[in-house]
Every structure is written in C-alpha cells, then in structure tokens.
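For the numbers below, each heavy atom of this structure counts, side chains included, while hydrogens, waters and symmetry mates do not. So you know, we letter chains A, B, ... as the sequences are listed, proteins then strands, and number each from 1.
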Amino acid sequence: MSPHLTVTLPDGSQRELDEGTTVADLAQSIGPRLAKAAVAGSVNGKLVDLGAPLHDGDAVAIITPNSDEGREVLRHSTSHVLAQAVTRLWPGARYAIGPVIENGFYYDFDLPDGARFSDSDLERIEATMREIIKENQPFIRSELSVDDGLALFADQPYKCEIITSVGPDAGEVDAAPEEVGGAVVVSTYRNSESFVDLCRGPHVPSTSKLGHFKLMRVAGAYWRGDVHRPQLQRIYGTAFETKEALEQHLFFLEEAKRRDHRVLGHELDLFSFPDEIGPGLAVFHPKGGTIRRVMEDYSRKRHVEEHYSFVNSPHVTKAELFMTSGHLEWYADGMYPPMELDDGQQYYLKPMNCPFHTLIYKSQQRSYRELPLRFFEFGSVYRYELSGAVHGLTRVRGMTQDDAHIFCTQEQMGEELTRLLTFVLDLLREFGLSDFYLELSTRPPLKSVGSDEDWNVATETLRTVAEGAGLELVLDEGGGAFYGPKISVQARDAIGRTHQMSTIQLDFQTPQRFEAEFVGRDGTKQRPIMIHRALFGSVERFMAILIEHYAGALPTWLSPEQVRILPVRDDHEDYAHEVASTLGAVGERRTRVEAADEPLGARIRRAKLEKVPYILVVGDDDVAHGTVGINTRGAADPFRGVTVQDFSAYLTQEIDERSTVQYGAN
RNA sequence: GCCGAUGUAGCUCAGUUGGCCAGAGCAGGCGAUUUGUAAUCGUCAGGUCGUGGGUUCGAAUCCCACCGUCGGCUCCA
C-alpha cells in the first residue's frame, strides 16, 4: 500500500491521494470535465504546472481558462508559441521577454540583419502559430543550474542577460532565476527540438490547449525599457478561453474606438489641432468652447465655496524663477527652449504654476492667522512633450490646469488634505464619474530633491489621508514628482477603463527654495508646507475623459446645444422662437431653432447625429395648445403634447441638479 | 526622440502592373420643395494628390529627405 497525502480544495473539502499524485491527477479524480479544462494548478497560492507533484497538506485549486489566472497561463503560453513562430520564420531571431499584460501579452524580438516586422507579417506569424498549435507540442519544464542555462542559451544574449541578472531588479522579469533549496536555478520550458524558452511558468500542458488568439500590432520597445539600450521589435497579441470571449474583447476595442474623443471631437465640431499651429496644441471651436466654459464656471463656483482665493499669473517668466524652483535642474527636458531677449535675458514658457503662486504668497509677510492660504488659477502651461508622446487632448503641449497651491502649517496639513480629498471626489461625482481608486506615488529613485525625513513624513501623511478615504489604495513606487510624493485619483469610466484624474502633491521643497515664511503664534518665523493640486488635472484632459465616458452624449447641463427646436412648417417658426424664449426665461438655455427648409426627418437625423439632448418638434397641434413634441436623445419614441411649462420645469431641474436622467427615461 | 504604419476636395474614401484634362458620397453655394419624428430634388463650385528633391518620354502611383497623423516604447496632467 502506497503512502497517502491529504490536500485541501478551495471549498474546504479534503482529499486523500496517493504519494506522487500530480495536479492533473487530482483534477482527473474530481471529474473528467475539469481535467479536460484544466490548464494549471494553484498550490498554496502559487501557480504551478498540471504536472507538478502534490505534497501532504497542500491547499490546491485547479485553474481553468475562464479565470484571470487561467487566462494568464493561456496568454503566457501563447506568447511562447509566438516566439517559436518567429524563430521559424526568421531563423536566427533573438527573443527577449514575453510577459502577460492586461488583456493580452507581448513578446520582444531582435531580428537578424536588422530586419523589422511590418503589419503584414502578423498574418504569416499567426498562420505559423496555428501550425504549432496543431502540432500539439508539449510544454516540458526543466530546472537547470545557472551555468547550464547560460550554455543552453549561448546564442540568445537577452536570455543570458536575464539569467545573470540576479539582482534587485531581477524580479521585474518573469523568467528571473530563483533560489531553490539554497541553489540558484533557472527554469525552462521546451516545446520542441528546436524551441526552448527561459520561463518561470506555469504553462498549459500542450499547445493544443491554445487557439483563440490574435496578434494585434507591432511596435518598437527598448530592451528593459531603457532608452539607451537596443530597441527591439515588439508584437502585441491577446488570447482568450473561447472564440466568443475573444470576439467580445475585440468588440470592446471597437467600442473604445467609437468613443475616441479625437474622433468625436471632430465629428461634433468641438476642437481641432491645426497643422499650422503645431502638434499637441488645440483650438476649441464654439461648441467645445462652450463645454469648457461650463466646466470652468462650475469649477470656479465650487472653489469659491471651498474658500479658495483666485489669482492669475503670466505665461512666460525669466529663467531665474525656474532656477530657484528647481525646474531648470530637474524638469528642463519637459520645457520649451528659452527665448532670448535683446538684453540677453532668457525667458521661459511656464510648465507649471507653482513658482508664481509662491511669489504671490511671498508678496507680503504672512501670519499663521492667515493660513491655510489657497491660491487657485486656471493656469495655462506649456510642456515640450516628445513628438511621439502627444495624444489628442489627453497629452498635449499646451494645456490649462485647474491648479491651486495651498500653503499651510504642518499641523494643518492632515486636515487640509482630508478636506481636499473630499472636495475632489465630490467634484468628480458631480461630473458623473463615480468609480474611483487612489494611487500613492513615492519618491523617484533618481530625480528628486529633499531629505529622506521630509519625504517620509510627506509620504506617510498622504498614506494616512488616502487610507482614511476608504477607497482602494494602490502603490506607485517611485512615481512621485521631483519635489514630493503625490496621491492621484484614478477613475473608471463607463466601459471600465481607468484614467488618472486629480493629483494632490505634498511639497516641502518649494517653500524652502523660495524661503517662504510665516510668523507663528510665538513670533518666530516658520516655513509653510505647500500642497499642489489639480482636480480636473487639465481642463483638456478632463474634457477628453468626459467625452469618452459619455460617448459624446454629454449630460444636458454640459451639452453645448441643449435643445433644438424644429418647426414643422415655416409658419410654425414664430411659435418655435416663443418656446425658445420661454425656456430661456429661467436662465441660460442653449437652444436653437432650425428653419423648415428641409424635411423634418432630415433635420431630426442631423440633430440626433449631433447628439443634442432634446429635439422639440412644434406643429399645428402645438401652436394650438401651447405644447411641444419631445424627442429625447436615446429614446425610441417621441412624447407628443407636453406643455412648454412642464418641459421647462423638468429641464430646469435636470440642469440645476446636473442630472444624467433625461425627460421620459423610465 | 526611437520603432512601425500612414497622408488623394471641408469630411469619408475610390484611383488596377507608372500612361487620356484625378473620381464618388456627404458637407458647402444657388434654385425649387413647406415638410409631425434618423437622409426631398436639381444645379454649381471645390484638389500643385502633405512638403521639397530625385528616377522616368511620362509620377497620386517608384526612391530619398522633411512635416503631420495613427499604434507602441520612453515620458506624463
């Protein structure tokens, strides 16, 4: 009788198994369907191959493809198939790393003779991948010593570098060597005589488990993300457990494309980027300008309520200011080159507003009684973004921040930050975003100033405040600004994508550099703490996110045109204007009457395409009874015979409450 | 900045292996039509084919450089 071992399953039940039983055997003993679906196992929280042996006391779960972990295994294995396909098509190709990423995977290659992938190569590679999958190749794991690993991958320099890079950053590479039982080993997975890859695993038992994949695009990528290292050719792909899941993902990508603010911004005539002006520099057309105005007006109103003081500062300044602030030392790459004036004086376009607000603080002697001082400005800043980095309104070279700098005492800092976080989240909710998490960015390892102690105090204060907000908190190691750590609010939009919105940064440096002071209760001079914060982030970026969140169908209060009134015949036109002025009698109502020189259907269609929230049709019946026919955006049928008073009352409430619920919606 | 793709009327796109004055739909102007819920009809105008070089008897089409755009890398609000 063979010895026994006992394992625990996720439901808490226990199973007695023979010694030497593998994860695959366990799956088989639970059920043949599970065994067929299984791609990997989880033993004591660690993902392993199906072939991994079990030990007494293990907590085991069978991983199937329809889970996050299962899809990861699937994608990771598919990336190996991609690498094998590339080495078949380009003999001598070197393969670097091929990790799983959100929604897919990639693999980086260095092709022989400096060859490059083009889009048309993707089909060929996919075809070869399908052949490999059909060949039903096994994934065979081996563990080797470092020396044997180096010998095996002698003609693969990137693999060798990974093997030898046992160091602090080794963990970022999925295939890094591990210590097993005191000895450093590397693990490999062999698919065939000709293809073996360095990898931590786990993998599916055979390529036949794969199949629902698609290569998405090619791109250049620096080896280990370092601009100074060779640039490799990266292929992105994705894989799913079923054809349906893959198609659903592709549909999601289409949906994201449909919401693209650059496309909608053009279609809805909101803004453009004329070549004559330059990359990343937008102009806002009347409709886009109206949206901005409404956003900014509302923001101003809220800042007044939160006791901010409104300040203003110029767009250019002498170089000296940015020397003092440290920007020229730390941020010069992000700044436009200086312009030189006749007297040899250099002037810079400002990339940030903080130095200006600090000077306003310093314009007089400050007392502790005045603090906290909160200086707010819609400040336009210019940043010299790399030409490849600009992207619609979300990454531009000229933008307007809803920027403020709060000067307070160390004691006030915690409460001020807590208030601020409440303010931010409220404001974002008022614009219709509701799903948030927070990110805490800590000291950048290379570019930063200040003492460790200051950084620690600042970081811990932010952490405490963030935790107090009761939201999910994610750590962004090394992602802070050069002068201090930050909390950023991340928002999930209508289709689940996350966007970085507001940032709140703590800064002990700027007050020091500018020698900002206040007189304390005891009469001594003390240094204030500075909080940088932007709630929209930038007005441009926030508008882009709203456009994508709402797919262009902005809530009525934000819509550039809220109501379009269509007279059926031209003798209804006077009445149409009457309706417009009745609606406008209670405040700003952005209405337009479109004359009856085209069939009604054509005018309705145009208004629908322009995503106007309300189309009012007025004809004989309406003139006779003082009513309108309401065609609500998104509604299937119009509502006929509603009195102008009733509609106006509804509209007033909807706009005042910044509601997203339109007339007639359930 | 780097890698790849791409650039034809205001917009969306045709334009076969280089070969008559470069086409269509929508949008725009003009005229007619007076219309009850997603496209009324006619007519006119509109392009140095991103820019600059080159190859050729001949270039939107082939080559080079630059500019812009798109997808990534890096960076970031």
Side-chain angles (χ1 to χ4, degrees), chain A residues 106 108 114 116-122 216-236 260 262-263 266-267 269 272-280 331 333-334 351-352 381 383-396 399-403 441 447 479 481 486 488 499-503 505 532-542 544-545 566-573 595-610 615-622 628-632 635-641:
Chain A
Y106 66 79
D108 285 348
R116 313 273 183 215
F117 293 124
S118 73
D119 290 343
S120 57
D121 290 327
L122 292 183
M216 307 301 293
R217 60 179 71 93
V218 300
Y222 300 106
W223 169 233
R224 299 210 143 171
D226 186 341
V227 193
H228 306 292
R229 315 268 331 240
Q231 188 163 40
L232 306 175
Q233 298 282 300
R234 175 172 296 179
I235 295 180
Y236 283 93
D260 190 324
R262 293 166 303 180
V263 177
H266 175 251
E267 282 174 7
D269 193 20
S272 60
F273 293 88
D275 289 350
E276 294 86 339
I277 299 177
Y331 197 76
D333 286 351
M352 293 186 194
V381 297
R383 299 183 182 177
Y384 188 71
E385 299 291 347
L386 293 179
S387 62
V390 296
H391 179 95
L393 287 180
T394 59
R395 196 74 188 278
V396 292
M399 62 173 159
T400 302
Q401 295 179 306
D402 60 331
D403 206 4
S441 303
K447 294 177 115 186
K486 69 178 181 193
S488 53
H499 304 274
Q500 176 171 327
M501 317 286 314
S502 325
T503 56
Q505 306 182 331
H532 306 238
R533 39 112 293 172
L535 308 190
F536 290 161
S538 81
V539 180
E540 290 82 359
R541 180 194 178 82
F542 192 56
I545 290 166
L566 305 180
V568 173
R569 268 193 328 271
D570 56 10
D571 53 318
H572 303 129
E573 229 175 275
D597 49 11
E598 268 184 299
L600 185 62
R603 288 178 286 152
I604 299 255
R605 178 181 147 82
R606 192 160 42 242
K608 290 276 186 192
L609 290 175
E610 291 175 37
I615 302 165
L616 302 185
V617 174
V618 294
D620 287 335
D621 297 349
D622 301 295
V628 294
I630 304 171
N631 190 324
T632 300
D637 298 304
F639 307 96
R640 295 277 303 270

Across nucleotides 24-29 of chain B, 5' to 3', mark each nucleotide with B, S or - according to how protein heavy atoms within less than 4.0 Å reach it. ------
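- Here the side chain of Y236(A) is nearest to one of rG72(B), rG36(B), rC70(B), namely rG72(B).
- Closest contact between the side chain of P279(A) and the listed nucleotides rG68(B), rG36(B), rG1(B) involves rG68(B).
- rA38(B): no Watson-Crick or G-U partner with both key distances under 3.5 Å is found in any strand.
- Atom CD of E276(A) and atom P of rC67(B) are 16 Å apart (whole Å).
- A donor-acceptor contact under 3.5 angstrom links the side-chain atoms of E385(A) to the base of rA77(B).
- With rG4(B), rG1(B), rU34(B) as the candidates, the nucleotide lying closest to the side chain of D570(A) is rU34(B).
- Of the nucleotides present, none pairs with rA77(B) by Watson-Crick or G-U wobble criteria with both distances under 3.5 Å.
- D620(A) and H572(A) are linked by a side-chain donor-acceptor pair at a separation below 3.5 angstrom, with hydrogens and angles left out of the test.
- Distance from the side chain of A389(A) is smallest to rC75(B) among rC75(B), rA38(B), rU35(B).
- The base of rG1(B) has none of its N or O atoms less than 3.5 Å from a complementary donor or acceptor on the side chain of Y384(A).
- You'll find that the side chain of K486(A) is closest to rA77(B), out of rA77(B), rC3(B), rU74(B).
- Salt bridge absent: D403(A) and R533(A) never bring a charged side-chain N and a carboxylate O closer than 4.0 Å.
- rG52(B) and rC64(B) make up a base pair, with Watson-Crick or G-U wobble contacts both under 3.5 Å.
- The shortest side-chain heavy-atom distance between D597(A) and D570(A) does not fall under the 4.5 Å cut-off.
- Checked against rU37(B), rU40(B), rC70(B), the side chain of P599(A) finds its nearest nucleotide in rU40(B).
- For rG36(B), the base has no donor-acceptor partner in the side chain of D620(A) [N/O atoms by modelled type, under 3.5 angstrom].
- Remark: the Y236(A) side chain and the R234(A) side chain contain an N/O donor-acceptor pair separated by less than 3.5 Å.
- For R395(A) against rC75(B), a side-chain N or O and a base N or O form a donor-acceptor pair under 3.5 Å.
- One can find a donor-acceptor pair under 3.5 Å joining the base of rA39(B) and the side-chain atoms of R605(A).
- The side chain of S387(A) lies closest to rG1(B) when the candidates are rG1(B), rC73(B), rU35(B).
- Comparing rC3(B), rU74(B), rA38(B) by their nearest atom to the side chain of K608(A) picks out rA38(B).
- One finds a salt bridge joining R262(A) and D260(A) here, because a Lys/Arg side-chain nitrogen approaches an Asp/Glu carboxylate oxygen to under 4.0 Å.
- The distance from atom CG of L616(A) to atom CG of L566(A), rounded to the nearest 0.5 Å, is 8.0 Å.
- Listed nucleotides: rU35(B), rA77(B), rG68(B). Nearest to the side chain of D597(A): rU35(B).
- Regarding I277(A), its CD1 atom lies at a distance of 16 Å from the C1' atom of rU69(B), rounded to whole Å.
- Here rA5(B) sits opposite rU69(B) as a Watson-Crick or G-U wobble pair (both hydrogen-bonding atom distances under 3.5 Å).
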Contacts under 3.5 Å, N or O only, protein and nucleotides 43-49 of chain B:
none

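- Surrounding OH of Y384(A) are at most 12 heavy atoms belonging to other residues, nucleotides or ligands under 6.0 Å away.
- Checking rG1(B), rA77(B), rU37(B) against every side-chain atom of P638(A), the shortest atom distance belongs to rU37(B).
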Taking N or O atoms only and anything under 3.5 Å, show me the protein contacts with nucleotides 6-12 of chain B, one pair per line.
none

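- Using the Watson-Crick or G-U wobble rule with both distances under 3.5 Å, rC11(B) pairs with rG25(B).
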